[in-house]
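On a predicted model such as this, the values are computed, not experimentally measured, just so you know. Quick note: residue numbers are just sequence positions, from 1.
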Amino acid sequence: MEEKQQKLDERYLRMARIWAENSYCQRRQVGALVVKDKMIISDGYNGTPTGFENICEDENNVSKPYVLHAEANAITKLARSNNNSDGATIYITASPCIECAKLIIQSGIKRVVYGEKYRLSDGIDLLQRAGIEVVYLEV
């Protein structure tokens with residue numbers, strides 16, 4: 001990877017980590033940024049849908065089933081804007097699950113940069129199968 005792209009990737013991933021701080025989730029805070037032509041066109045963090053209480057876990061500290069992942073929030077936010085994600089890069093603080101990987105594929109995103117490996121790799125495997133460039137960056 002060229003040095004200039006590496007530095008950009010590191011910066012955007014750090015920004016995604018800062019954005020994750022907006023999450024009300026206690027177990028894990030995840031952030032995502034969608035970047036196209038060196039512009040942030042969408043952002044997201046994990047949390048409950050608009051209008052719901054900002055409590056992600058139940059009394060047993062298990063994530064509620066309706067909590068949205070950061071990637072899903074960023075991608076669906078694009079649907080409400082005039083932007084599109086064709087050819088974009090998504091920066092995510094943690095590797096995507098298989099459900100978010102499907103959204104990434106369908107949204108036209110061509111590159112995924114993530115900073116933390118999740119215990120399951122099925123999302124990463126699916127992205128690679130779809131020909132999407134996947135980059136793991138420890139920052």
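The two residues Ile124 and Pro96 come nearest to each other via the heavy atoms CD1-CD, 3.7 Å. Here the shortest heavy-atom pairing between Cys56 and Gly47 reads SG-CA, 3.9 Å. Looking at every heavy atom in both residues, Ala101 comes nearest to Gly123 through CB-O, 3.4 Å.
Put simply, CD1 on Ile98 and CG on Asp122 are 4.5 Å apart, with the number rounded to the nearest 0.5 Å. Between Ile109 atom CD1 and Ile90 atom CD1 the span is 4.5 Å, to the nearest 0.5 Å. Taking CD1 from Ile132 and CG from Leu126, the interatomic distance works out to 8.0 Å, rounded to the nearest 0.5 Å. To the nearest 0.5 angstrom, Asn73 atom CG is 11.0 Å from Trp19 atom CH2. The distance from atom CG of Asn83 to atom OG of Ser42, rounded to the nearest 0.5 Å, is 8.0 Å. Considering CZ of Arg14 and OG1 of Thr93, their distance stands at 14.5 Å, rounded to 0.5 Å.
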Mind running side chain to side chain donor-acceptor pair (under 3.5 Å) on Gln6 and Glu2 for me, showing each step along the way? CA-CA 6 Å; Gln6 168 97 18; Glu2 103 182 35; over 6 Å; no

Take Ile55 and Thr48 through the test side-chain contact (heavy atoms from CB on, under 4.5 Å) and record every step on the way to the result. CA-CA 7 Å; Ile55 301 170; Thr48 57; 5.9 Å; no

Determine, step by step, whether Arg111 and Gln5 satisfy the side-chain contact (heavy atoms from CB on, under 4.5 Å) criterion, reporting the C-alpha distance in whole Å, the side-chain angles of both residues, the deciding distance to 0.1 Å, and the verdict. CA-CA 12 Å; Arg111 198 163 171 268; Gln5 185 62 56; 3.5 Å; yes

Verdict with supporting geometry, Glu133 and Thr89, side-chain contact (heavy atoms from CB on, under 4.5 Å): CA-CA 9 Å; Glu133 181 185 351; Thr89 298; over 6 Å; no

May I have the step-by-step check of side-chain contact (heavy atoms from CB on, under 4.5 Å) for Tyr118 and Glu116, ending in yes or no? CA-CA 6 Å; Tyr118 186 59; Glu116 182 184 316; over 6 Å; no

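In this structure a side-chain-to-backbone donor-acceptor pair under 3.5 Å is present from Gln29 to Ser23. Panel note: side chain Asn46, backbone Val30; a donor-acceptor pair is recorded below 3.5 Å. Proximity of a side-chain donor or acceptor of Lys36 to a complementary backbone N or O of Asn84 within less than 3.5 Å is detected. Side chain of Tyr12 to backbone of Val34: no donor-acceptor contact under 3.5 angstrom is found. No side-chain donor-acceptor contact under 3.5 Å links Ser107 to the backbone of Ser85. A donor-acceptor pair is defined here as one N or O able to donate and one able to accept, closer than 3.5 Å; no such pair exists between the side chain of Ser63 and the backbone of Glu57.
Each of Ile18 and Tyr45 belongs to its own hydrophobic cluster when Ile, Leu, Val, Met, Phe, Trp and Tyr are linked at side-chain heavy-atom distances under 4.5 angstrom. Linking Ile, Leu, Val, Met, Phe, Trp and Tyr whenever their side-chain heavy atoms come within less than 4.5 Å puts Leu33 and Val113 in one cluster. By the criterion of side-chain heavy atoms lying less than 4.5 angstrom apart, applied directly or through intervening Ile, Leu, Val, Met, Phe, Trp or Tyr residues, Val134 is not grouped with Leu137; the two fall into different hydrophobic clusters. With hydrophobic clusters built from ILVMFWY side chains whose heavy atoms lie under 4.5 angstrom apart, Tyr24 does not share a cluster with Val67. Under a hydrophobic clustering in which Ile, Leu, Val, Met, Phe, Trp and Tyr are joined whenever their side-chain heavy atoms come within less than 4.5 Å, directly or via other members, Leu127 and Ile75 fall into the same cluster.
Val112 has its side chain out of reach of Val135: every pair of non-hydrogen atoms, C-beta onward, lies at least 4.5 Å apart. Ser81 places none of its side-chain heavy atoms less than 4.5 Å from the side chain of Ile41. Using a 4.5 Å heavy-atom cutoff, the side chains of Tyr91 and Glu10 are not in contact. Here the side chains of His69 and Cys97 are in contact, with some heavy-atom distance below 4.5 Å.
Residue Gln106 qualifies as open at atom CD: its count of foreign heavy atoms under 6.0 Å is 12 or below. A 6.0 Å sphere centred on CG of Asn60 holds more than 12 heavy atoms belonging to other residues, nucleotides or ligands.
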